[in-house]
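Everything on this sheet refers to the single structure shown next.
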Amino acid sequence: MSEMNHLNNTPNPESLNTPPTWQQRMEQLKQEKALEAAKYFHQIGVSSIVYAIICTLCLYKSLKGITNPIFTISTVLYMCHIGKVLRKNIRGIHYFCMGAIVLLGFSNFMTDNNLIIFYNYLAIFGLFLITLMLLFFDFSEINLFGHFRFMIDYGFGILEVVLIPISHLFKTIQGYKKMKSERSKYIMLGILISIPCFFVMWEILASADVMFNHFFNFKWVFSSNIIYDIVGIILTFLVAFTIPYASFYKLDHLPQENIKSIRKEYTPIIPIIVAGSISVLYIAFSLIQIIFLFMHAGTLPEGYTYAQYAREGFFQLLFVSALNGLAILICMELFKKHIALKALLLIISGCTFIMIASSAMRMSLYISTYGLTSLRIFVLWGLLVIFLLMLGLLYRMFAKNFNLFNYALLVSVFCYLLLSFSHYDYWIADYNFKRYEYFKEQKAMESSEEDEYTEDSRYVDYDYFMELSEDAAPVLGKHLSELTDYIDKNGYETDEINWYPYDEDDSRWNIFTFRTFNLSEFYAKKTIPQNLH
């Protein structure tokens, strides 16, 4: 009988070879994915959460505050840490991009120009992605178009995996709950009990000491805006957590084969014909610039002065110069080398430099006549960038191994840092007032062909000054009496004046307001009185 029982308990050999069912395979696959997600989350998840918390504390309702450098320094440390965890080597170009990210954080803290602050955040995000791209992949054998194509694919690829961080977080939490279910209950219960205890004791202590109530004023918790703040903090945290995590995840799961260069495989006949016809036109245009604009050695149409001739066309020339650079790049990257094409590209490059000089000269003359504005500064800045990029293109024609992408990155970042730290609103106000004072001293000066001034050039545009940021306050404070008279005469309210540094709630202060301290606003308050009238 015992032998029969033993035989009955012996597993059937056929049952051992039975393949798993569909449900078993799906469950096994689910467990493998959960294990992979938890493993990856343990690598970068905790540091990503810490980084998201720092970003939220630094940036929520404080996009130009003193915490901005902390945010950018934390970004660099976070990148270095994840790079080390994923065993990536950090090189010189990476340090350059990271240094630029940190500097942009200081720029946000030092300026009140909202346009620059917006561009700074775009630059920080762009440099973050570019640094990761260069950290994970070797682009040494890839041409410039290959870099740009990968950047576009990578940028859209992040959107595909943007929910992966949340999925990894939940899967990790589920696995943690299975192991620590009892402990988790006690932790959650402790948190729930501590919240009401904290606020009850705070209310008692606040009523006991007026100074404690002043410095630790938490009444904002019970305000009507608390719901909006909670939603805003949660959204800020989610963006700061998911985007960097998804960026690392996407790059870490892309094979090196995804990087492909766009080869030069097209015949150069078409670009030779097009470049040849354009070169003739450009040579004629360049000769006219040299004769009429630079040398003043020609006869202009009747009723046309050199001042009028010089103060037009700079936007068109800026556009054409940028278009020429793009066309030269396309010819270099997509078409086979040919001596005729190379010669024509050199001619177009030379003419482009003349166009850049012509546009810069025209803009400088226009500024001397009509004053300085932010748009005119951007034009001059754009011409400088195009000039430096054209030098790189020109050098690339003769140096095959020249890394054009790294050069363009260095030039673009360096030039933007100059613009970001320039406080150009300050220089706009300073230049326009000095120019106005000069005209006041030269009222008796008569106009001539070489120095033609209109009535528009003899006054200062106070309406435009109202649009300047607090960066211009140190200059505007020196002319406060004139500005105040204009403000009173035209009925300006203080909330319509961008450089006026005071808000309605400036008198209120609590322990959290230090985050919003801005250096430009600080100097503006030292210069501009609270009551302009």
Side-chain angles (χ1 to χ4, degrees), residues 36-56 58-59 68-106 120-142 146-148 150-162 164-169 172 237-259 403 405-406 408-410 412-413 417:
E36 179 186 357
K39 182 179 178 181
Y40 198 81
F41 188 84
H42 282 302
Q43 282 185 301
I44 70 172
V46 176
S47 55
S48 297
I49 289 176
V50 172
Y51 172 69
I53 293 173
I54 294 174
C55 288
T56 305
C58 291
L59 299 183
N68 255 268
I70 300 175
F71 154 65
T72 51
I73 292 172
S74 300
T75 301
V76 168
L77 294 176
Y78 170 70
M79 295 168 67
C80 292
H81 171 72
I82 300 299
K84 183 178 179 180
V85 169
L86 300 179
R87 298 178 181 179
K88 304 299 178 182
N89 294 324
I90 300 178
R91 304 188 306 274
I93 188 66
H94 305 136
Y95 287 118
F96 174 80
C97 294
M98 291 177 183
I101 289 174
V102 172
L103 289 175
L104 290 172
F106 281 94
N120 282 353
Y121 279 108
L122 289 182
I124 289 170
F125 181 67
L127 285 171
F128 177 82
L129 296 183
I130 291 174
T131 306
L132 296 189
M133 182 185 80
L134 296 175
L135 191 64
F136 277 77
F137 290 94
D138 180 16
F139 289 89
S140 57
E141 302 297 328
I142 306 302
H147 282 83
F148 287 139
F150 183 83
M151 288 171 60
I152 294 172
D153 293 341
Y154 171 42
F156 285 104
I158 294 175
L159 299 178
E160 298 175 1
V161 297
V162 72
I164 286 290
I166 305 298
S167 174
H168 285 188
L169 176 61
T172 304
F237 173 83
L238 288 177
V239 171
F241 170 65
T242 56
I243 297 298
Y245 189 108
S247 302
F248 277 108
Y249 180 85
K250 182 66 177 179
L251 284 174
D252 200 28
H253 289 75
L254 281 176
Q256 184 73 27
E257 292 74 20
N258 280 47
I259 298 185
N403 193 324
F405 178 83
N406 283 3
L409 178 63
L410 293 173
S412 301
V413 171
L417 287 174

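Everything numeric here is computed off the predicted structure, so don't read it as measured data. Residue numbers run from 1 in the order of the sequence given.
A pairwise comparison of heavy atoms in R91 and L134 identifies NH2-O, 3.9 Å as the closest pair. Scanning all heavy atoms of the two residues, the minimum distance from C80 to M98 falls at SG-SD, 3.7 Å. When every heavy atom of F96 is checked against every heavy atom of L409, the shortest pair comes out as CE2-O, 4.4 Å. The minimum heavy-atom distance between V413 and A100, with the atom names listed, is CG1-CB, 3.5 Å. Of all non-hydrogen atoms in G105 and N68, the two that sit nearest each other are O-CB, 3.3 Å. Here the closest heavy-atom approach between residue S47 and residue I82 is recorded as OG-CD1, 3.2 Å.
Side-chain contact check for I93 versus L410: some heavy-atom pair is nearer than 4.5 Å. For the pair L135/L251, no side-chain contact is recorded, criterion being any heavy-atom separation below 4.5 Å from C-beta on. Side-chain atoms of I44 and D252, non-hydrogen and from C-beta on, never get closer than 4.5 Å to each other.
Taking CG of L254 as the reference point, atom CZ of F136 lies at 10.0 Å (rounded to 0.5 Å). For the atom pair CD1 of I54 and OG of S74, the computed distance is 4.0 Å after rounding to the nearest 0.5 Å. Rounded to the nearest 0.5 Å, atoms CG (N403) and NE2 (H147) are 5.5 Å apart. A distance of 12.0 Å separates CD1 of I101 from CD1 of I73, quoted to the nearest 0.5 Å. Atom CZ of F137 and atom CG of L132 lie 11.0 Å apart (nearest 0.5 Å). Between atom NE2 of residue H81 and atom CG of residue L86 there is a gap of 9.0 Å, rounded to the nearest 0.5 Å.
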**Request:** Test side-chain contact (heavy atoms from CB on, under 4.5 Å) on I166 and F241 and set out the steps.
**Result:** CA-CA 9 Å; I166 305 298; F241 170 65; 4.1 Å; yes
**Prompt:** Does the side-chain contact (heavy atoms from CB on, under 4.5 Å) test come out yes or no for Y78 and S48, once each step is laid out?
**Reply:** CA-CA 8 Å; Y78 170 70; S48 297; 2.8 Å; yes
**Request:** Check the pair I49 / L169 against side-chain contact (heavy atoms from CB on, under 4.5 Å), numbers first and verdict last.
**Result:** CA-CA 10 Å; I49 289 176; L169 176 61; 4.1 Å; yes
**Request:** Please lay out, stage by stage, how I164 and T242 fare under the test side-chain contact (heavy atoms from CB on, under 4.5 Å).
**Result:** CA-CA 8 Å; I164 286 290; T242 56; over 6 Å; no
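Of the N and O atoms on the side chains of Y249 and H168, not one donor lies less than 3.5 Å from an acceptor on the other residue.
The aromatic rings of Y121 and F71 are tilted relative to each other, their planes meeting at an angle between 30° and 60°.
Aromatic ring centroids of Y40 and F248 lie 6.0 Å or more apart.
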